[in-house]
Amino acid sequence: MSPCAKCGREAVLLKCSRCKIVHYCDRECQKQDWGEHKARCRPPAAAADSAARGSVQLGERMVLREVETARDTTKAIPVPETFPVQLRDFEYGSSPDGVDENLLILLHGSGGTHKDFARFAQRLELPQTAYLALTGPIKLPEALIIGSLWFEIFDDDCNLLPPGDRRRAETLKSTQTLLEEMIQALCRHCGWQRSRVFLFGYADGGTTVLNHAVSSCGPTRLGGAISISGPILGQYLLEGDQNPWPACKKDCTPVLITYGTRADESDQNDIIRTKRLLYSCHRNPRAEVVGVDKRGEMVSKPDEVRVLHQFFAEHLSRRMLNVENSSTLYEVSKS
């Protein structure tokens, strides 16, 4: 007599009709155990074939064990209530190929909303990549236009704040805290991994992305960060200003910055100083800066799109579904 595979009760006569090996008390125990047993349940002939495929190397037997393939290809849709209240205006879309392996988070420029950037993500058609287009947490003054910001750039009289004004840095730091809380919520509630989350930002959205990526190293490393015409926040680029980030020797978030070669000279200089700053605080920098024939507008030309695709081709994670969906997969282990 053999024990029941589910409850362990002795003197069991019933056994699985497929593999003829595992015993059960009754049909109820078999039903409860099927979720675990089905991964290794095979007819006797198939089991014999599997054993014959075993190999011996240096006195150690390499065991091929059939495993249940991972067929889950989509992630849970983000629920606004799990995000900080300031970041609950967003649009989410699954990958067009139905495989949510990577997540692209998009940040608009000053005065924008998530809508145009959701459409941009759809046009990119990145493989196995879902998108999450956000609206900034700070509303523009009503005297201007309807839109949002990632950090304060206007004073109470709707005048632009100077580059070194502390209100820029203070509000950006608050936004970075919100962004980090949101990323943690995506990992905790939706099943994303940080290493497969990519940040994409334009202008001040790009500045927000870079300021977040520069401190995302080691265990907090992201899949990548892309800034379009957005440097590190200006006050950190001022001559003689103290670098606020300690030198890092860990695995750093890969960074891509594109800028317009016909942009104002001061804007181009900010990009150059941004690259120097990234290299000064990261011993293992992974920053690429590419000039494009434009001024400071959003991505629109094929050359810049190709640069983006090259970056994503290098850093996106890809699932081999043709292998995962094969009828039999084997896990190799030593016995």
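Position 1 is the first residue of the sequence; numbering continues from there.
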(message) Are more than 12 heavy atoms, taken from residues, nucleotides or ligands other than Lys173, located less than 6.0 Å from that residue's NZ atom?
(response)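 No, not enclosed.
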(request) Would you indicate whether Arg262, at its atom CZ, is surrounded by more than 12 heavy atoms from other residues, nucleotides or ligands within a distance under 6.0 Å? (result)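 Result for CZ/Arg262: enclosed.
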(request) Go through the structure and list residues passing ring pair (Phe, Tyr, Trp, His ring centres under 6.0 Å) with His212, not counting sequence neighbours. (result)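 In terms of ring pair (Phe, Tyr, Trp, His ring centres under 6.0 Å), with neighbours along the sequence ignored, His212 is linked to no residue.
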Under a 4.5 Å side-chain heavy-atom rule over Ile, Leu, Val, Met, Phe, Trp and Tyr, are [X] and [Y] clustered together?
| X | Y | result |
| --- | --- | --- |
| Met298 | Leu104 | yes |
| Ile228 | Ile271 | no |
| Tyr259 | Ile272 | no |
| Val79 | Leu186 | no |
| Leu277 | Val290 | no |

Non-hydrogen atoms of [X] and [Y] that approach each other most closely:
| X | Y | value |
| --- | --- | --- |
| Cys190 | Pro78 | SG-CA, 3.8 Å |
| Ala203 | Gly109 | CB-CA, 4.4 Å |
| Trp150 | Gly205 | CD1-CA, 3.7 Å |
| Ser227 | Gly206 | OG-CA, 3.3 Å |
| Leu124 | His309 | O-NE2, 3.6 Å |
| Leu106 | Ala121 | CD1-CB, 3.8 Å |

As an exercise, state the distance from [atom1] of [X] to [atom2] of [Y], rounded to the nearest 0.5 Å.
| X | Y | atom1 | atom2 | value |
| --- | --- | --- | --- | --- |
| Asp204 | His108 | CG | NE2 | 10.0 Å |
| Leu134 | Ser148 | CG | OG | 11.0 Å |
| Ile257 | Asp270 | CD1 | CG | 11.0 Å |
| Asp100 | Ser94 | CG | OG | 4.0 Å |
| Met182 | Leu178 | CE | CG | 9.5 Å |
| Thr113 | Asp89 | OG1 | CG | 7.5 Å |

Run the side-chain donor-acceptor check on residues 153-161: report pairs under 3.5 Å with partners two or more places apart or on a different chain.
residue, atom, partner, partner atom, Å
Asp155, OD1, Asp157, N, 2.9
Asp155, OD1, Cys158, N, 3.1
Asp155, OD1, Asn159, N, 2.8

(request) Show the numbers, then the answer: is there a side chain to side chain contact (heavy atoms under 4.5 Å, CB included) between Arg221 and Cys252? (result) CA-CA 6 Å; Arg221 173 189 178 275; Cys252 306; over 6 Å; no
Can any side-chain N or O of [X] pair as donor or acceptor with the backbone N or O of [Y] at less than 3.5 Å?
| X | Y | answer |
| --- | --- | --- |
| Ser216 | Thr253 | no |
| Gln268 | Ala263 | yes |
| Lys139 | Gly147 | no |

Any non-hydrogen side-chain atom of [X] less than 4.5 Å from a side-chain atom of [Y]?
| X | Y | value |
| --- | --- | --- |
| Gln86 | Ser174 | no |
| Arg119 | Arg123 | yes |
| Asp293 | Lys301 | yes |
| Ile183 | Thr220 | no |

(request) If the plane angle is over 60° it's perpendicular, under 30° parallel, otherwise tilted; pick one for Phe198 and Phe311. (result)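 Ring orientation of Phe198 relative to Phe311: perpendicular.
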Can [X] and [Y] be counted as an ion pair, charged N to O under 4.0 angstrom?
| X | Y | answer |
| --- | --- | --- |
| Arg295 | Asp267 | no |
| Arg194 | Glu180 | yes |
| Glu152 | Arg168 | no |

Can you name the residues that form a side chain to side chain donor-acceptor pair (under 3.5 Å) with [X], not counting sequence neighbours?
| X | value |
| --- | --- |
| Asp303 | Arg306 |
| Lys115 | none |
| Thr208 | none |

(request) Give the intermediate values and the outcome of side chain to side chain contact (heavy atoms under 4.5 Å, CB included) for residues Arg318 and Glu101. (result) CA-CA 7 Å; Arg318 295 291 299 275; Glu101 183 70 3; over 6 Å; no
(request) Applying side chain to side chain contact (heavy atoms under 4.5 Å, CB included), run through Leu278 and Val214 and close with a yes or a no. (result) CA-CA 7 Å; Leu278 289 172; Val214 76; 3.8 Å; yes
(request) Quick one: which residue pairs count as a ring-ring contact (aromatic ring centres under 6.0 Å, His included) with a foot in residues 109-138, not counting sequence neighbours? (result)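 Qualifying pairs: Phe120-Phe200.
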(message) Any donor-acceptor pair under 3.5 Å linking the side-chain atoms of Ser95 with those of Gln128?
(response)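 Side-chain D/A pair, Gln128 to Ser95: absent.
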(request) Tell me, with the steps shown, if Ile232 and Asn211 meet side chain to side chain contact (heavy atoms under 4.5 Å, CB included). (result) CA-CA 6 Å; Ile232 288 284; Asn211 279 67; 3.8 Å; yes
